[in-house]
Amino acid sequence: NAAAKDGGSGGGGNGKAFTLVTPDPVAQNEFLKLAVAGVKSAAKAQGGSQKVFQSSDNDSRQQNVASAVDAAPDVIALVGFEFADIVAQQAEAHPKQQFLLVDACTKKTYKNVTCAVFREHEAVFLAGAEAGLLTKSKKVGAVDVLDTPQFRRYSEPFAAGAKKVTPGARSRTLFVGGQSPFNDAARAKDQAATLGSGGVDQVMAAAAGGNTGVFQAAKSKGFQAYGVDANQCLGSPGVVVDNVLKKTDVAVEKGIAQILDGKGGTTVSYGLKEGGMSLTGLEPGLAESKCLIAKPANKDVLQRVEELRDDIVAGKLTVDDPAA
Amino acid sequence: MTPPPEPAGDAPAVELRGITKEFPGTLANDRVDLTVRRGEIHALMGENGAGKSTLMSVLYGLQRPDAGQILLDGLEVSFASPSEAIAAGLGMVHQSFKLFPSFTVAENVVYAAEPRRFGLADRAEAVRRVAALAEEHGLAVDPAAKVGDLPVGVRQRVEILKLLYRGARTLILDEPTAVLTPAEADALFGVLRSLADEGRTVLLVTHKLREVMEGSDAVTVLRDGRVAARMRTADTSADGIAAAMTGRAVELDRMRPAGSPGGEVLSVAGLATDGVRDVSLTVRAGEIVGIAGVAGNGQSELVEAVAGLRPVAAGRVTLDGRDVTDATAAEHRAAGLAYVPEDRAAVGTAPAATIAENLAMGHHRGHGLLRPGRLREHARVLIERFGIKAASADHAAGSLSGGNLQKLVIGRELAHESSLLIVEQPTRGVDIGAVQTIHDRLVAHRDAGHAILLVSAELSEIRGLSDRVLVMYEGEIAAEFTREEADERRLGLAMAGAAAGPDGSASAPGSLAEAPVPAKEAR
Amino acid sequence: MSVDSALFHSALLALTPILLAALGGAICERAGVFNIGLEGMMLIGCFAAVAGSWFTGSAWLGVALAALASGAYAMILAVGTISLRGDAVVLGVALNLLAVGLTGFLLRTAFGVQGTFSDPDLAGLGGIDLGFLGPVLSGHSALVYVSWAAVAVAAVFLARHPWGLRLRGVGEAPDAAATLGVSPAKYQYLAVLTSGLLCGLAGAQLALGNVTLFSENMTAGRGWIAVVAVMLGRALPLGVLLAGLLFGVAEAVGFRLQGNGLPQQAADAAPYVVTLVALFLSTARRKRRKRPEPLVGAAS
Amino acid sequence: MAVQSPAGGRAAGARLLRSPALHSVVAAVLVGALFLVGTGADPFGAYGSVVSGALGPDGIGSTLTTGTSILGLAVALALPMRAGLLNLGGDGQLVLGGISAAATGLYVPLPAPLAVLAALVAGMLAGAAYAALAAVCQNRFGVPLLVSSLLLSYPAVSFASYLARFPLKEEGSSLPQTRRLPEGVELPALGSSTVTVGLVLVVLAAGVFVFADARTATGYEIRMTGLNPRFAAYAGVDRPRLTLRLMALSGAVAGLVGAIGVLSFPYRFIDGSLTAAGHTWTGLTAALLASAAPVGTALAALFFAALDVGGLAMERATEVPRELTQVLQAVVIVFLAARLRLTWRRAAKSAPTTQGAAAAVPAGASAPAETSVRSEGDL
Ligand SMILES: Nc1ncnc2c1ncn2[C@@H]1O[C@H](COP(=O)(O)OP(=O)(O)OP(=O)(O)O)[C@@H](O)[C@H]1O
Ligand SMILES: Nc1ncnc2c1ncn2[C@@H]1O[C@H](COP(=O)(O)OP(=O)(O)OP(=O)(O)O)[C@@H](O)[C@H]1O
Ligand SMILES: [Mg+2]
Ligand SMILES: [Mg+2]
């Protein structure tokens with residue numbers, strides 16, 4: 001229960017209060033863990049208190065948001081596209097309440113809704129480039145949770161990145177699907193092993209809770225994998241090349257600050273340029289990351305990737321967005 | 001392989017002293033004493049609920065007595081379970097068959113005492129032993145046949161083989177002939193007699209006076225859990241036993257007056273269905289037509305086809321002038337059919353539902369909404385009219401005794417006042433008193449102008465009630481008799497497959513006791 | 001390793017937990033206990049396997065704990081249905097529900113995490129290299145081979161062993177067995193216990209063999225597939241094996257086709273559709289052999 | 001279970017006190033308390049927040065919203081169960097109902113109120129047709145309903161998911177969801193609450209079920225079929241037809257729940273959102289718990305809805321994970337399944353006329369199991 005509500009009090013008599021509502025249980029979900037970290041550091045920075053409400057389905061999302069609104073904290077932060085409709089509804093009903101919607105945005109704009117969205121495809125493209133440079137079989141692949149445009153942001157740019165640096169590289173994507181796509185490590189492992197058996201030697205692991213399965217397959221099948229959201233090299237040393245980092249913590253903390261400064265009601269997009277998306281390999285502390293990309297032998301790979309990043313930041317290179 | 005019965009001593013084979021068994025609210029056995037000599041066939045009689053089955057369960061270790069002693073060959077024993085009773089040389093054939101239908105005869109017989117080879121059950125050896133045992137005791141069965149495919153008479157033999165295989169010296173049989181035809185019953189008694197002659201002891205529960213008179217050496221009668229009479233069969237009469245059972249004089253095997261048939265109600269022409277070929281018959285208003293036959297010769301299939309419960313392959317069924325050949329069961333009922341099925345618990349009722357709900361079936365249609373008050377009133381009337389012994393109509397029907405459950409089914413079906421009533425085995429396992437009530441009701445129903453098609457394996461019942469008798473053999477109507485022609489001999493011959501003319505001048509295929517039971521698939 | 005051998009390799013892997021659980025279900029079925037709680041028992045096994053492996057450092061102790069825990073959990077079904085005559089379907093559904101709640105609750109209280117527990121130090125069941133068996137059959141965890149052995153043992157036991165005969169008798173006519181001194185309750189308890197143990201192994205294989213982690217509700221419907229396999233396989237060990245294999249191959253083929261343009265949803269649905277069609281065919285064949293049944297005959 | 005007249009308030013109260021359901025709830029609460037103490041939590045605080053979270057002014061709306069789905073599905077699944085038929089395909093029927101309602105609401109060119117009606121009807125028809133398919137599998141192909149309904153459910157969910165992600169997908173959205181229904185194509189809310197007319201529809205369905213079960217000939221035939229299918233068939237109940245009709249009805253109600261879900265906030269079909277909360281299982285459990293008796297099913301469904309909502313509130317207010325309420329639910333059922341028998345035993349002791357045969361079917365609870373489950377007789 002570590003990730004959930006600590007704090008709760010703290011701060012002075014007129015300290016600020018923030019509530020984070022997650023769409024799913026935080027659990028081992030790196031992306032949500034970061035959001036929790038973000039709201040915590042915001043509370044610390046603002047001298048306020050924070051709460052985390054974890055949901056698991058549409059009913060509990062609605063109930064948690066309603067409950068959060070009833071308590072009227074200074075900012076309600078929500079992560080995940082699942083909240084778009086709910087926030088729109090609540091923002092209209094409670095114009096005084098400030099919302100921070102991370103990773104999605106309402107269709108209409110509201111004065112009291114601030115959005116933070118990510119351009120995941122940019123970082124995934126870079127990971128794909130790494131894969132393209134490292135692949136020996138010229139075959140790369142991705143294990144994706146579900147076949148939706150949102151999740152294709154983790155597979156298609158990966159292929160594009162690989163093809164960019166290695167023309168003629170081939171790619172393949174498999175989806176976990178099944179009865180619990182976000183948490184079925186066994187199926188994810190099976191899918192990854194299938195890719196491995198087909199000769200794929202670089203696999204983007206975008207299987208959410210199933211990523212562990214992908215890494216386990218990497219170990220037994222001898223291919224290399226790419227993690228998401230946090231540094232997953234630590235949990236599976238020796239098989240993870242690099243990670244696509246989505247800095248939800250930054251988005252949450254910055255968004256809260258922005259709202260408290262009275263500059264809410266806008267949409268901020270985070271990509272490579274804003275430092276909202278990145279790779280572990282491009283971040284400080286790489287040496288301790290246990291990622292394969294940190295090996296001296298991969299220095300030139302990293303260098304090529306840095307060039308690509310600079311091109312994207314400079315607008316010289318645009319990455320196609322499958323969800324656009 | 002059967003251990004020979006132990007040398008005779010002086011002590012009786014079985015002695016029960018002061019057995020008392022109380023169920024909550026019922027004193028099932030009240031200080032019952034019972035002495036059974038070695039080598040005798042001892043009958044235990046009594047009305048439904050008199051405590052016979054309970055007493056046998058106590059003896060066999062299925063129930064613990066509250067008080068009393070059990071002595072076998074003079075030694076006191078106490079059984080915690082049937083396996084201990086089996087080890088002590090007892091064996092029991094229960095009221096309902098306790099067989100595994102999907103197993104072979106041999107597997108059924110050796111169950112829980114299998115010959116082994118290399119730790120596994122030795123099937124070949126089992127078949128061999130069972131065949132030898134059957135041979136030794138003159139019980140014709142095919143050890144490799146699947147029990148589910150066998151007619152009841154053969155199943156009964158399997159039950160007895162089970163006991164003999166386990167070396168039973170004392171055989172307890174609870175209503176063994178309830179489902180047997182006279183021929184099968186005679187065959188069974190032949191076997192029992194030869195077993196008794198070998199020195200084995202037979203304890204027999206039955207409702208049938210004829211069997212007791214013809215087959216037993218001694219009789220004990222229970223009434224309300226107490227011993228009402230103890231006698232040597234030779235010294236008593238059927239009337240005497242009946243009087244001891246009921247506490248009053250009973251008129252046995254009464255021939256009922258003939259009916260006065262009117263117009264045709266049911267007409268079946270060239271009907272064929274599973275196990276039934278080319279059957280034609282008619283039943284008129286005010287007439288009881290009896291169908292006799294050894295179980296498994298197509299009677300049940302015929303009745304089900306006529307009642308719309310089994311698809312008709314060929315032929316025509318007309319009910320009250322309407323062609324109902326391909327009609328559904330509900331349409332049959334609407335056209336004027338009431339039906340008392342053979343199996344009252346599995347088909348005729350929903351034992352878990354209340355008595356009132358069971359009595360409502362069929363009567364619930366066509367009155368718009370169901371009103372609980374009306375249902376209860378309907379139940380009250382029928383309970384009263386048919387003398388069903390029930391504490392309340394809100395109790396589960398399964399709480400009724402067999403006889404009372406039978407009255408419930410018959411009462412419900414009679415109350416439909418349908419033009420045609422089909423009754424199958426109306427008095428199976430029912431005590432003498434109840435038999436008479438049921439017969440009276442059926443005759444009254446006929447006299448009220450209804451047509452009745454009666455299927456029974458009980459020859460006295462067929463003869464006592466029917467205005468005309470048809471005999472089924474191997475799926476066909478083998479013979480037809482008028483009321484006067486239908487004596488036991490002619491019926492018996494026809495049932496055994498002898499092409500008997502109405503004058504009975506046919507070639508008999510052998511004595512009744514050896515009458516071959518058609519080895520055809522039971523349903 | 002060719003693509004095809006990989007396909008069958010992964011089909012076998014996916015099959016194993018289902019097969020072990022279905023064998024347990026088949027034995028219960030034969031003893032006359034309808035076990036619809038396979039999913040829950042397997043999930044308990046997953047959790048216990050991971051907990052055992054984590055706290056002792058030995059995957060095999062994890063397997064043992066899984067078998068014990070699922071066996072104990074199965075006793076709820078046994079006591080409820082056999083001794084207390086509760087309804088097997090109600091209890092089975094309750095056990096499935098309880099397992100999800102219980103393992104989730106314990107995951108949070110014992111491991112302090114939510115959703116998934118995995119750790120590089122968590123000992124899993126390694127593959128055994130039996131090169132002579134070829135690429136499809138070799139390289140699985142020991143439990144995979146145990147599951148094949150279990151099929152053979154169960155088949156011989158049920159068909160030929162005296163106890164197997166008694167067990168089947170108990171399932172077919174408990175009264176008849178009781179009158180011959182065979183206690184139906186005893187055999188039914190043992191059958192349910194065995195199904196618990198097998199579900200424990202199934203869970204262990206899933207959590208320590210197929211992957212090395214525990215995640216909430218990780219059985220993801222595999223127990224239900226096992227229930228279906230019991231029906232399709234007519235509760236015969238070999239039948240259950242074939243039914244499971246059919247499902248596993250359909251799933252693996254679905255995976256393959258997914259990469260070749262088949263929508264993921266179609267791949268998801270494929271194994272269920274294939275199983276249903278197999279059920280049609282098998283009942284149709286049986287029907288043709290049998291005569292039409294009367295309306296009032298045994299429940300259809 | 002049978003037709004019973006209300007036997008006066010005091011007697012009813014006494015019956016409730018003696019009812020195994022109450023005992024089971026109390027026992028489950030105690031077991032839960034042990035869990036709580038074992039993990040160092042305060043049982044009073046935890047249970048207090050469950051109750052206030054579910055029934056307090058802030059929670060009751062959520063309870064009724066959740067209750068709409070759970071009650072609806074419980075009724076849907078109880079209908080066939082009353083005749084001994086287990087419909088395990090609720091998810092598929094629910095989802096097809098939802099996607100059909102969404103498609104109708106989006107593409108039928110009708111004024112808003114009529115479009116709502118059309119969407120509801122479309123949802124019910126889709127659910128009914130699909131459930132009937134499972135019945136056909138049993139009637140025509142001999143595949144037990146339990147299995148056919150379960151197996152058919154998965155492809156239906158996949159199909160709806162496919163529709164929501166491809167042909168019916170909202171343009172420009174990255175989410176697997178349909179467009180929002182046109183303005184006004186939505187179920188009106190009751191007053192200012194979040195509870196919609198959907199609750200009324202579901203309660204109406206439950207009411208019809210209660211009435212039909214106790215007061216109509218068909219209801220009686222269904223009950224008798226559940227208690228002994230051979231008896232019902234003998235008396236002229238056409239079992240295949242009854243199966244077909246009950247399944248269609250069951251699917252219609254499940255489809256209705258799906259349609260209600262789509263016609264309520266956020267007024268669109270979102271892939272996975274109808275089934276994610278597991279209401280089908282909760283509804284099934286409620287029906288099983290009450291042996292499909294209508295009133296008992298409804299009470300159990302509402303009780304479970306309150307536990308669901310209360311559990312979430314408890315998790316917000318205390319450190320206790322909401323899995324606790326899931327454990328509670330299951331423990332209630334385990335106890336009840338066992339208690340049913342215990343109470344029978346006591347009853348048998350006090351009432352001499354009750355005997356084994358009756359009790360072989362404990363209070364009707366085993367009827368669904370007996371018939372539907374044993375239906376694969378030749379396994
Ligand atoms: N298990 C039981 N529990 C309670 N009461 C019982 C039980 N078994 C029998 N009884 C009661 O004991 C009495 C005797 O029953 P028993 O079965 O011995 O009768 P029976 O003489 O065999 O009747 P029948 O001719 O119908 O077979 C009955 O009144 C019955 O109510
Ligand atoms: N468990 C029980 N509790 C109460 N009474 C019982 C029980 N078991 C049997 N009885 C009673 O025992 C009596 C006879 O039981 P038994 O099972 O022998 O009847 P049956 O086989 O239905 O009747 P019949 O011999 O007429 O066919 C009945 O009166 C029945 O009510
Ligand atoms: Mg009797
Ligand atoms: Mg008796």
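First the proteins, then the strands, lettered A, B, ... as listed; each starts at 1.
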Any idea which of [options] has the most non-hydrogen atom pairs under 4.5 angstrom with chain C?
options                      : answer
D:Phe159, D:Tyr154, D:Trp281 : D:Tyr154
D:Val332, D:Thr285, D:Leu324 : D:Leu324
D:Ser161, D:Gly278, D:Ala232 : D:Ser161

Side chain from CB out, backbone as N, CA, C, O: work out which of these in [X] comes under 4.5 Å of a heavy atom of chain C, or both, or neither.
X        : answer
D:Arg165 : side chain
D:Leu88  : side chain
D:Leu150 : side chain

**Item:** Side-chain (C:Ser70) to main-chain (C:Met41) donor-acceptor, under 3.5 angstrom
**Value:** yes

**Item:** Ring center gap for C:Phe280 and D:Phe141 short of 6.0 angstrom
**Value:**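 Aromatic pair counts; centres sit under 6.0 Å.
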
**Request:** Verify the ring-centre separation between C:Tyr272 and C:Phe247: is it less than 6.0 angstrom?
**Result:** yes

**Asked** What part of C:Glu216 is in contact with chain D, defined as an atom under 4.5 angstrom from a non-hydrogen atom: side chain, backbone, both or neither?
**Response** side chain

**Asked** C:Leu279 versus chain D, heavy atoms under 4.5 Å apart: side chain, backbone, both or neither?
**Response** both

**Item:** Residues forming a ring pair (Phe, Tyr, Trp, His ring centres under 6.0 Å) with D:Phe269, sequence neighbours excluded
**Value:**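 In terms of ring pair (Phe, Tyr, Trp, His ring centres under 6.0 Å), with neighbours along the sequence ignored, D:Phe269 is linked to no residue.
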
**Request:** Using the test ring pair (Phe, Tyr, Trp, His ring centres under 6.0 Å), find all partners of D:Phe35 that sit at least two apart in sequence or belong to another chain.
**Result:** C:Phe105

**Fill in**
Looking only at C:Leu102, C:Val227, C:Val273, C:Asp268, most heavy-atom pairs under 4.5 Å shared with chain D are made by C:Leu102

**Message:** If only side-chain N and O atoms count, and only distance matters, is there a donor-acceptor pair under 3.5 Å linking C:Glu39 with C:Thr219?
**Reply:**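 C:Thr219 vs C:Glu39: donor-acceptor pair found between side chains.
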
**Item:** D:Ala164 to D:Asp271 - nearest heavy-atom pair and separation
**Value:** CB-CB, 4.3 Å

